[in-house]
Amino acid sequence: MPPSTSGLRRKAFDLRPLASGRHETRNTFRHTRRIRFRKGMTMTDQTTTAATAGEERDYDEYRVIQDLGGWVRSHHCNQLTAANLGQEVTLMGWVQFRRDHGGLIFIDLRDREGLTQTVFSPEGAPEAVQAHERAHSIRIEYVCALRGIVRARPEGMANPSMATGEIEVYVTEWKLLNTSDTPPFPIEDRVDAAEMLRLKYRYLDLRRPRLAKNLILRNKAAQSVRRYLDSLGFLEIETPVLTKSTPEGARDFLVPSRMSQGMFYALPQSPQIFKQLLMVAGLDRYFQIVKCFRDEDLRADRQPEFTQIDIEMSFPDEEQVMGMAEGLIRTVFAETIGAALPASFPRMTYKQAMDDYGVDKPDVRFELRLTDVKDIFAGGGFKVFANAPCLKAMRVPGGLELSRKEIDDYTEFVKIYGAQGLAWIKVKEDNEWQSPIVKFFSDDEKAKLAERLGMVPGDIVFFQAAPVDVTNASLGNLRLKLGERFGLIDEKAYAPLWVTDFPLLEYDPEDKRWVAKHHPFTSPQPGQMDTIASDPGGALARAYDLVLNGSEIGGGSIRIHTPAAQKSMFQALGIADDEAEEKFGFLIEALKFGAPPHGGIAFGLDRIIMILTGAKSIRDVIAFPKTQKATCLMTDAPNVVAKKQLRELGIALREKAQENNAEVKPEEKKNEA
RNA sequence: GGAGUGGUAGUUAAGCUGGUUAUAACGCCGGCCUGUCACGUCGGAGGCCGCGGGUUCAAGUCCCGUCCACUCCGCCA
């Protein structure tokens with residue numbers, strides 16, 4: 001290998017002892033490749049075929065990992081501008097791209113802040129020449145410390161798409177801090193690898209600027225929340241993670257107790273009761289940015305562990321909680337993305353939301369509405385409409401252009417929500433109605449329909465005749481689809497909306513009983529407690545949800561603060577006195593000792609960050625998220641545990657669970673007693 | 001629990017009504033290259049077509065099952 005006997009090579013090679021006596025770490029990918037060569041072809045085959053044009057080189061001799069050796073980073077990779085010209089700087093980061101011209105070598109160095117172009121030239125001082133020679137060995141994702149001079153790029157060579165595009169760092173000396181295997185997917189925003197891979201190598205996915213930016217913004221939002229609430233006298237107080245299972249609400253995650261065998265803690269679905277007890281304690285104003293756990297199935301915006309901004313205050317009415325909450329959201333949006341939300345958020349009752357939008361979290365960025373037309377067709381000749389428990393229509397301007405296939409697709413879409421089909425009328429340019437059903441309508445029905453909906457040429461009207469929940473769900477969700485289809489949604493708009501006057505209770509057909517819609521500590525509106533027994537579905541709660549762009553980002557209520565009212569509430573929910581005592585006795589007890597009127601709200605931080613970043617998935621705003629099956633592909637959690645651990649907890653697995661547990665890996669077996 | 005979409009080199013994808021040796025781009029390895037910026041150029045390596053059955057002379061392709069990821073319904077006070 002003649003080139004490596006040159007002085008330069010020898011010098012570079014001799015850097016080895018400088019690496020603090022540590023053994024060099026070779027690129028393991030290259031290592032595996034070698035082994036593979038041995039299996040298949042021989043190494044001599046490899047070298048003879050390739051070494052035709054020039055001398056083969058082994059760059060591994062340059063891939064000696066070095067210590068920082070006292071080097072200190074002077075700037076991050078998004079910092080240098082023309083203002084820094086001539087300065088000697090030290091950058092540290094990952095190799096994003098290399099452009100090796102044989103002569104000049106360009107390396108774009110990346111850290112979480114951005115990119116800086118660095119140049120290695122074979123000219124200049126001997127150190128710089130040597131730095132250039134060694135730089136041939138640099139590969140993508142290697143970790144380097146580069147020291148050099150900030151220079152203006154030559155005339156016409158600036159890159160306006162880079163923040164640091166005016167300058168480059170002319171490298172005089174560099175250290176290889178670590179090598180990297182070839183990453184399983186490119187660390188770049190513009191390439192979208194399979195989510196499975198991204199989750200397995202999450203730490204690489206997070207190197208991509210888009211995800212790193214999301215986490216940086218998430219931090220900004222969290223700090224903004226803390227500043228705002230602190231300025232209003234809210235105390236950040238931690239509450240237990242190992243707590244007590246409560247019967248209402250979502251499924252709990254359970255943690256077995258070793259000390260009390262057969263007993264379980266539950267992870268909190270929210271710190272609800274604790275924050276109320278902090279009010280009883282007289283701490284007056286509480287907040288916490290806190291993990292909550294619900295063992296339910298996942299969605300694009302739902303993870304089994306998620307983060308709430310949990311807030312509670314003493315002596316408020318709805319106006320004070322909502323005013324504080326509006327200020328919080330306005331502050332966060334202003335301080336993170338510079339968006340100005342309205343000075344006062346509009347409000348809508350739950351009933352109006354369901355009537356006009358079919359959902360309890362309307363996206364009010366666009367105008368389409370549902371209209372009740374049941375009365376028009378009641379007792380009429382078209383039996384499907386006449387006999388429907390609920391009949392609503394939605395007029396869509398411009399919908400005439402929808403193709404038959406699109407309408408068929410929408411028909412399939414609403415079937416998801418239990419609809420049998422989807423009726424429609426197109427209003428053609430000559431004002432004639434084109435529809436499979438209109439022949440069943442009387443002239444009077446047609447006239448009334450046209451008038452109520454304000455039908456004009458170019459429209460399509462969709463109908464849903466079904467039970468009220470099916471009608472609302474199918475048209476309400478179709479509305480969102482059509483909003484997208486017709487470009488009605490301003491993606492840059494932020495449309496907050498309070499939804500108020502929620503029902504206190506809702507009927508659970510499965511359990512055949514009334515359950516709290518919000519939670520069982522929510523106060524009914526004045527006078528409503530007395531009517532619960534006679535009309536459980538009619539009682540309204542002092543509850544409010546904050547909806548932003550059709551996403552529920554927060555919800556809260558004024559709480560019950562007297563023991564008598566809380567007992568009545570449990571009675572209404574069909575929770576027997578002894579059960580209430582067992583499950584919530586400590587709360588009722590606490591309310592006896594001068595609990596102040598109190599109320600609060602909790603925001604879904606993950607969902608807020610989704611909106612702030614435009615993320616389509618909650619996984620893109622969480623550092624280490626779970627899959628839809630609630631597993632972690634990186635750590636392989638959940639997993640089996642040693643039999644000893646189970647024994648200590650007094651736990652025996654049932655048959656089916658044992659089958660899963662049988663797949664214990666050898667090293668895990670070792671740990672067993 | 002249910003419905004749908006996807007799974008083919010390291011990655012992203014193509015592969016039609018089943019039919020030669022499974023294709024491309026990027027990446028990887030090596031040669032050349034002093035102004036690139038997703039550098040260029042020449043050469044090379046790289047495949048349990050998710051897994052298991054079945055149909056067939058023949059399966060990446062058809063059928064059944066199964067696993068994984070995603071979206072949705074149920075569920076999520």
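Computed from a predicted model, the values in this text were never measured in an experiment. Reminder, nothing fancy here: chain letters follow the sequence lines and each chain counts from 1.
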Between A/Gly554 and A/Phe603, what is the shortest heavy-atom contact and its length?
CA-CD2, 3.8 Å
If you only use heavy atoms from C-beta on, which nucleotide in B/C70, B/C72, B/U36 is closest to the side chain of A/Thr627?
B/C70
When all nucleic acid strands are considered with a 4.0 Å heavy-atom cut-off, which category describes A/Glu168: base, sugar-phosphate, or nothing?
base
Classify A/Phe97 by what it touches in the nucleic acid, base, sugar-phosphate, or nothing, heavy-atom distance under 4.0 Å.
sugar-phosphate
Using the C1' atom in both, what is the distance from B/C76 to B/G7, to the nearest Å?
29 Å
Value in whole Å for how far the C1' atom of B/G6 lies from CG of A/Leu199:
15 Å
Base of B/C75, side chain of A/Arg302 - is there a donor-acceptor contact under 3.5 Å?
yes
Please classify the nucleic acid contact of A/Thr631 as base, sugar-phosphate, or nothing, using heavy-atom distances under 4.0 Å.
sugar-phosphate
Given B/C70, B/G6, B/G27, identify the nucleotide with an atom nearest to the side chain of A/Met196.
B/G6
Respond yes when some side-chain nitrogen or oxygen of A/Arg99 is under 4.0 Å from OP1 or OP2 of B/U36, and no when none is.
no
Does any N or O donor sit under 3.5 Å from an N or O acceptor when you compare the side chain of A/Asn159 with the base of B/C37?
yes
Classify A/Ser270 by what it touches in the nucleic acid, base, sugar-phosphate, or nothing, heavy-atom distance under 4.0 Å.
base
So what's B/G65 paired with, Watson-Crick or G-U wobble, going by both distances under 3.5 Å?
B/C51
Please tell me if A/Arg619 has a side-chain N or O lying less than 4.0 Å from either OP1 or OP2 of B/U71.
yes
Just name whichever nucleotide pairs with B/C33, Watson-Crick or G-U, keeping both distances under 3.5 Å, else none.
none
Does any donor atom in the side chain of A/Arg542 or A/Gln528 lie under 3.5 Å from an acceptor atom in the other side chain?
no
Less than 6.0 angstrom from the centroid, inside 45 degrees of the normal: does A/Lys291 satisfy that with respect to the ring of A/Phe306?
no
If I take atom CG in residue A/Asp511 and atom P in nucleotide B/G74, what distance separates them, rounded to the nearest angstrom?
17 Å
Can you tabulate the close N/O pairs, meaning under 3.5 Å, that link protein atoms to atoms of nucleotides 12-14 of chain B?
{"unit_1": "B/U12", "atom_1": "OP1", "unit_2": "A/Ala194", "atom_2": "N", "d": "2.5"}

Whole-Å gap separating P (B/U36) and CD1 (A/Ile138)
20 Å
pi-stack flag for A/His101 and B/U36, centroid dist under 5.5 Å, interplanar under 30°:
no
Any A/Lys629 side-chain N or O less than 4.0 Å from OP1/OP2 of B/C68:
yes
Whole-Å distance, A/Glu412 CD to B/C73 P, equals 16 Å
Strictly below 4.0 Å: does A/Tyr59 bring a side-chain N or O up to OP1 or OP2 of B/G31?
yes
With a 4.0 Å cutoff (strictly under), does any side-chain N or O of A/Arg299 reach OP1 or OP2 of B/C73?
yes
If I take atom CG in residue A/Asp409 and atom P in nucleotide B/C72, what distance separates them, rounded to the nearest angstrom?
18 Å
Minimum-distance nucleotide (side-chain atoms of A/Asp100 versus B/C37, B/C39, B/C33):
B/C33
In Å, rounded to the nearest 0.5 Å, how long is the span from CZ of A/Arg619 to CD of A/Glu195?
4.0 Å
Nucleotide nearest A/Tyr417 (side chain, heavy atoms from C-beta), chosen from B/C68, B/C73, B/C75:
B/C73
Using Watson-Crick geometry (N1-N3 plus N6-O4 or O6-N4) or G-U wobble (N1-O2, O6-N3), each under 3.5 Å, B/A24 is paired with B/U12
Any chance the side chains of A/Tyr142 and A/Arg98 put a donor and an acceptor closer than 3.5 Å?
no
Looking only at atom C1', what distance separates B/U66 and B/C75, rounded to whole Å?
25 Å
Kindly say whether, by distance alone, the side chain of A/Arg153 makes a donor-acceptor pair under 3.5 Å with the base of B/C37?
yes
Taking any heavy-atom pair under 4.0 Å as a contact, classify A/Ile105: base, sugar-phosphate, or nothing.
nothing
In whole Å, measure the gap between the C1' atoms of B/U34 and B/G50 for me.
48 Å
A/Arg110 vs B/C37: side-chain N/O to OP1/OP2 distance below 4.0 Å
no
Given RNA chain B, 5'-ward residue of the pair A/Glu296 and A/Gly156, judged by closest heavy atom
A/Gly156
Side-chain donor-acceptor contact under 3.5 Å, A/Gln464 with A/Asn472:
no
Using atom CZ of A/Arg98 as one end and atom C1' of B/G35 as the other, report the distance to the nearest whole Å.
17 Å
A/Met157 has a side chain; which of B/C76, B/C39, B/C37 sits nearest to it?
B/C37
B/C72 versus B/C57 - spacing of their P atoms, nearest Å:
46 Å
With P as the reference atom in both, quote the distance from B/G40 to B/G47 in angstrom, rounded to an integer.
26 Å
For A/Phe106 and B/U36, do the ring centres fall under 5.5 Å apart while the planes stay under 30° apart?
yes
With sugar-phosphate meaning primed atoms plus P, OP1 and OP2, does A/Pro184 contact a base, only sugar-phosphate, or nothing at under 4.0 Å between heavy atoms?
sugar-phosphate
